[in-house]
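Take a look at the structure set out below.
No experiment lies behind these values; they were computed from the predicted model shown. These numbers come from the heavy atoms of this one structure, side chains and all, not from hydrogens, waters or symmetry mates.
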Amino acid sequence: MCSRVHPALPLLLALLMPVSTVNSTRQENDDLTNQTKGDSRLLQRPKRSWVITTLELEEEDPGPFPKFVGELFNNMSANMEIIYLIRGPGVDEYPEIGLFSIEDNVNGKIYVHRSVDREKTPSFKVYCDVAHRLTGHIVDRSLIINIRINDVNDHAPEFPEKEFNISVKEDHAAGQPVFQMLALDLDQENTPNSQVLYFLVSQTPVLRESGFRIDRVSGEIRLSGCLDYETAPRFTLVIGARDCGNPPLSSTATVHVHVQDSNNHMPRFTQDHYNIQIAEGRASQGVLRLGVQDGDSPSTAAWRMKFDITNGNEEGHFDISTDPETNEGILSVIKPLDHETQPAWSLVVAVENEEPLFSCEGGQLQRPPQASASAIVSVRVTNANDPPTFHPGTFIVSEVDGAGPGTRLGMFNATDPDRTSGQIRYKLAYDPANWVSIDERSGVVITVKPVDRESPHVNDSIYVIIAHAVDDGVPPQTGTGTMLLFLSDVNDNAPVLRPSSQHLEVCQSAGDKALLIEAEDSDLEPYSDPFTFKLDSTRGHTGDMWRLGENRGYSVELLMQRSLPLGDYSVPLLIGDKQGLSQKQTVHVRVCSCPDGFTCAEPLVARAGVLQGALAPLGVAFMALAAALLLLLRCRLVSRAERQGHLVPWNEGIQTLITWNEESRADPLQGRSYLRDHMPAPSISPAEVGAKLGAKDVNEMPLSLLSASDQLHLVLGTPGHGVFFEPTVRNKYSTPVFLDTTVTRGPLEMRAGVMMEVLSQLCGAHDPEGSPGYPPHIYAEEGECEQADSLSSLTCSEHDLPSDLLASLGPKAAPLEEIYSESAFRSPQNAYFG
């Protein structure tokens, strides 16, 4: 296959060049002469002065040097003495400067001075000139000579790497390419020196049933036979590459082939039959682990398992997965089993590898028809207390919106799957609006409140009611049922304004600009839109200021009849639904000034209101604090006055009223002076009063603990002692005050008589209605009453009182009777009441 060029051929061509060149020149001149005969006007082309030639050198020529390459010739030498000059690459330019020269410039002989590497410089382009020997002027055009370097086989083929590592699957088919080898020869292309052939030097280990071969031309490595990972997990191949030069050169490279394990071992269950027990009514994970054996390499696709339940799981109660660590099958119950429905199950579980199984027969791969193993799992379901089952689990009932209490909606029906005689109790589990109740025994659902479709607990007219059914098993189990209450709509809602349409603003200069008013209705079709809008003409002059524009069904346009003054307006509307149900609504419209023509300017009052609104909480806080301080101060003063008996004259400016529980313009001083002048001081000592009430000091006694007569003396007082006045009967304007310290003494009998008279008036012994001089008195009345008399005008005689007056007053008057009878006429000394 390899061809060679004879080495003497370049030399023969060099010797023949002068002859061929001269002959070529002569023939060319003769042809030109023949063509120009007969036409003297045509110019004759001058003869070619240079001989065009190509010089060739042998690569890596060993010499001796300098060595003759060729000779130049120019016909100008016939007319003058000339010399030959050369220049260019190989002469005075890169590469290879000084490689060529003319040793005898008169004869034009070119010499080479050293060997040449063709792989570095395959040719040289040299420029040749001819010059006058004496003047040195160039006398002819330059001649370009191509000096070509002839190749010799001095490079062996080379692989890019000395060693290669490749991987091959164990189930790689015979005859298929495994790897592509490529060697490069730097010698001249398309010559025998660069043509490479490949061959297998060696294979380790050498097996009869499997091996490798390489294509001599392409360098493709192919498999022969079948690989067996368990027998030979790796191979070492030595590949050679040789060229066709003379002599041929070669090199080698090593290929390490790593065999990847594939699935040539079928998995096997460690048991052919499994028996388990599973409790009913619950899902369980990992009820059984199925062990499997496999001869392939662990943690590979040829070893990992895929399990499948091929029979017995038609209802989807079971599931099986693979443990990634142990490669076992994990059987789980994903849907609860029912002992009453099916007490026993028989499952067929199959297993296979993730990677397809293969085998090798006669050096060829085969796919076996049986690639999986199987085992049987027998499952026995143990009985347990099952929860009651609703029939159906979810059902729909319909009722009109607004149905009142006592309406029967439907009935839940649940049964105990374990036994028919079991007792089931129903109870509500979900009733967010508390609308219904359920009968514990029958499951009947009855409303206890009116139902409302517009309730937030109703979604798309559906109200969800969930009930539980509890059996009497041990332990009790609970089932769940759902009632979907569909509420059919009734027209129980009139249209209302949307919040965005309740308060509107319009520029005073807007003119006919329409305000869009939108309404909404909580009812459904046909009880909602399209709406009707009307102005309520019964209120004011609405029609003179406003009018309605286009009605769009759910909205209407509101326009001003004329330019209105700035201010706030209330526009009453009647909005009705499709069925005519309507109600009054009010749109609050603010007509404002718009400096920019589009936006209302905020009024000064509004800005001040904002400031007041910001300061209001702070002011309220300060006021509350001040009120609390004043209250504490008043309580402290009152407490100190009660302890120390501090007296405040009534006429000093304490800014309060002296309450007498009388309603008239009569001067209270009149009655007080009358008591001073006409009532004698009873001889009641403070010690006697304290002894009867159990107090050491009268000042220490609370007023509420005194008897009625004691309180009366406290009201009247004694000369030289101030008393705190607190009436036993108050109205809402009563205010405790301190009286002055001076009370004029009078006859004791007169004072006692006045006391009795007052008591008789209070107790009803004297009937003023029977006397024309005593008109009815109205007490607890605020305001001026010109005809009301003062208490000072009330007089009565002791003889006019019945003898059993005190006895008829009841037990509350006993202390008064006792005090008065014992001390009224004992001594005329002053008595202190405080």
Side-chain angles (χ1 to χ4, degrees), residues 1-5 7 57-62 95-96 115-123 148-229 231-262 297 363 365:
M1 295 182 64
C2 299
S3 60
R4 298 290 296 166
V5 179
L57 294 177
E58 188 78 17
E59 180 189 15
E60 302 293 344
D61 190 344
E96 301 284 348
S115 61
V116 182
D117 187 358
R118 192 204 67 85
E119 285 70 36
K120 292 183 178 180
T121 310
S123 64
R148 187 172 59 196
I149 309 301
N150 293 326
D151 184 39
V152 295
N153 190 22
D154 58 346
H155 292 84
E158 294 291 339
F159 291 100
E161 302 286 344
K162 287 298 182 181
E163 292 189 5
F164 297 89
N165 289 278
I166 63 173
S167 297
V168 181
K169 295 283 291 183
E170 185 182 13
D171 58 350
H172 194 87
Q176 295 298 318
V178 174
F179 190 65
Q180 174 72 55
M181 298 297 294
L182 179 63
L184 181 63
D185 195 313
L186 297 179
D187 290 323
Q188 187 176 356
E189 295 180 1
N190 301 322
T191 64
N193 293 339
S194 60
Q195 184 178 357
V196 180
L197 301 177
Y198 302 91
F199 56 95
L200 178 63
V201 178
S202 65
Q203 172 187 317
T204 306
V206 178
L207 302 177
R208 184 181 63 180
E209 64 275 5
S210 62
F212 297 88
R213 58 185 177 86
I214 188 169
D215 187 276
R216 295 182 67 243
V217 177
S218 66
E220 235 177 25
I221 300 177
R222 299 176 183 268
L223 177 64
S224 298
C226 300
L227 297 174
D228 188 353
Y229 175 81
T231 302
R234 66 185 57 86
F235 291 88
T236 300
L237 308 178
V238 178
I239 305 298
R242 181 177 57 242
D243 61 21
C244 296
N246 188 16
L249 303 176
S250 63
S251 63
T252 60
T254 302
V255 180
H256 301 283
V257 181
H258 300 273
V259 180
Q260 294 180 343
D261 191 17
S262 297
S297 299
L365 294 180

Exercise. With distance as the sole test, does E60 use its side chain to make a donor-acceptor pair with the main-chain N or O of P62 at under 3.5 Å?
Worked result: no
Exercise. Parallel, tilted or perpendicular for F179 and F164, by the 30°/60° rule?
Worked result: tilted
Exercise. Roughly how far apart are Q176 CD and I221 CD1, rounded to 0.5 Å?
Worked result: 15.0 Å
Exercise. For the residue pair V201 and G240, what are the closest heavy atoms and their distance?
Worked result: CG2-N, 3.7 Å
Exercise. Where do D187 and N193 come nearest, in terms of heavy atoms and distance?
Worked result: OD2-O, 3.3 Å
Exercise. Are the side chain of D243 and the backbone N or O of V196 linked by a donor-acceptor pair below 3.5 Å?
Worked result: no
Problem set entry | Under 3.5 Å donor-acceptor, S251 side chain and P157 backbone | yes
Problem set entry | Note, V152 side chain near E58 side chain (heavy atom, < 4.5 Å) | yes
Exercise. To the nearest 0.5 Å, what is the distance between CG (N153) and CG (N246)?
Worked result: 8.0 Å
Exercise. Which value, rounded to the nearest 0.5 Å, describes the distance between S210 atom OG and E170 atom CD?
Worked result: 10.0 Å
Exercise. Any idea which heavy atoms bring L186 and E119 closest together, and the distance?
Worked result: O-CG, 3.1 Å
Exercise. Just by distance, do the side chain of Y198 and the backbone of A183 share a donor-acceptor pair under 3.5 Å?
Worked result: yes
Exercise. What's the shortest heavy-atom distance between L200 and I214, and which atoms?
Worked result: N-CG2, 3.5 Å
Problem set entry | Side-chain heavy-atom pair H172, V178 within 4.5 angstrom cut-off | yes
Problem set entry | Donor-acceptor pair, side chain of D61 and main chain of S115, under 3.5 angstrom | no
Exercise. About how many Å separate CG of N150 and OG of S123, when rounded to the nearest 0.5 Å?
Worked result: 11.0 Å
Exercise. Okay, side chain of D171, backbone of S262: is any donor-acceptor separation there less than 3.5 Å?
Worked result: no
For this session: Identify whether NZ of Lys or CZ of Arg in R242 sits under 6.0 Å from the centre of the six-membered ring of F199 and within 45° of that ring's axis.
Result: yes
Exercise. Would you say L237 and T254 make side-chain contact, with heavy atoms under 4.5 Å?
Worked result: no
Seminar exercise, completed: Rounded to the nearest 0.5 angstrom, the CD1-OG1 distance for I239 and T252 is 9.5 Å
Seminar exercise, completed: When rounded to the nearest 0.5 Å, the distance separating CD of E158 from OG of S250 is 10.0 Å
For this session: Could you check I166 against V255 for side-chain contact (heavy atoms from CB on, under 4.5 Å), going step by step and ending with a plain yes or no?
Result: CA-CA 7 Å; I166 63 173; V255 180; 3.9 Å; yes
Exercise. Without hydrogens or angle criteria, can the side chains of S194 and D185 be said to hold a donor-acceptor pair below 3.5 Å?
Worked result: no
For this session: Give a yes or no answer on whether the side chain of T121 reaches the backbone of R118 with a donor-acceptor pair at less than 3.5 Å.
Result: no
Exercise. Side chains of F212 and S224: does their closest heavy-atom pair fall under 4.5 Å?
Worked result: no
Exercise. Does a side-chain heavy-atom distance below 4.5 Å link F159 with L182?
Worked result: no
Exercise. With distance as the sole criterion, is a donor-acceptor pair present between the side chains of H256 and N165 under 3.5 Å?
Worked result: no
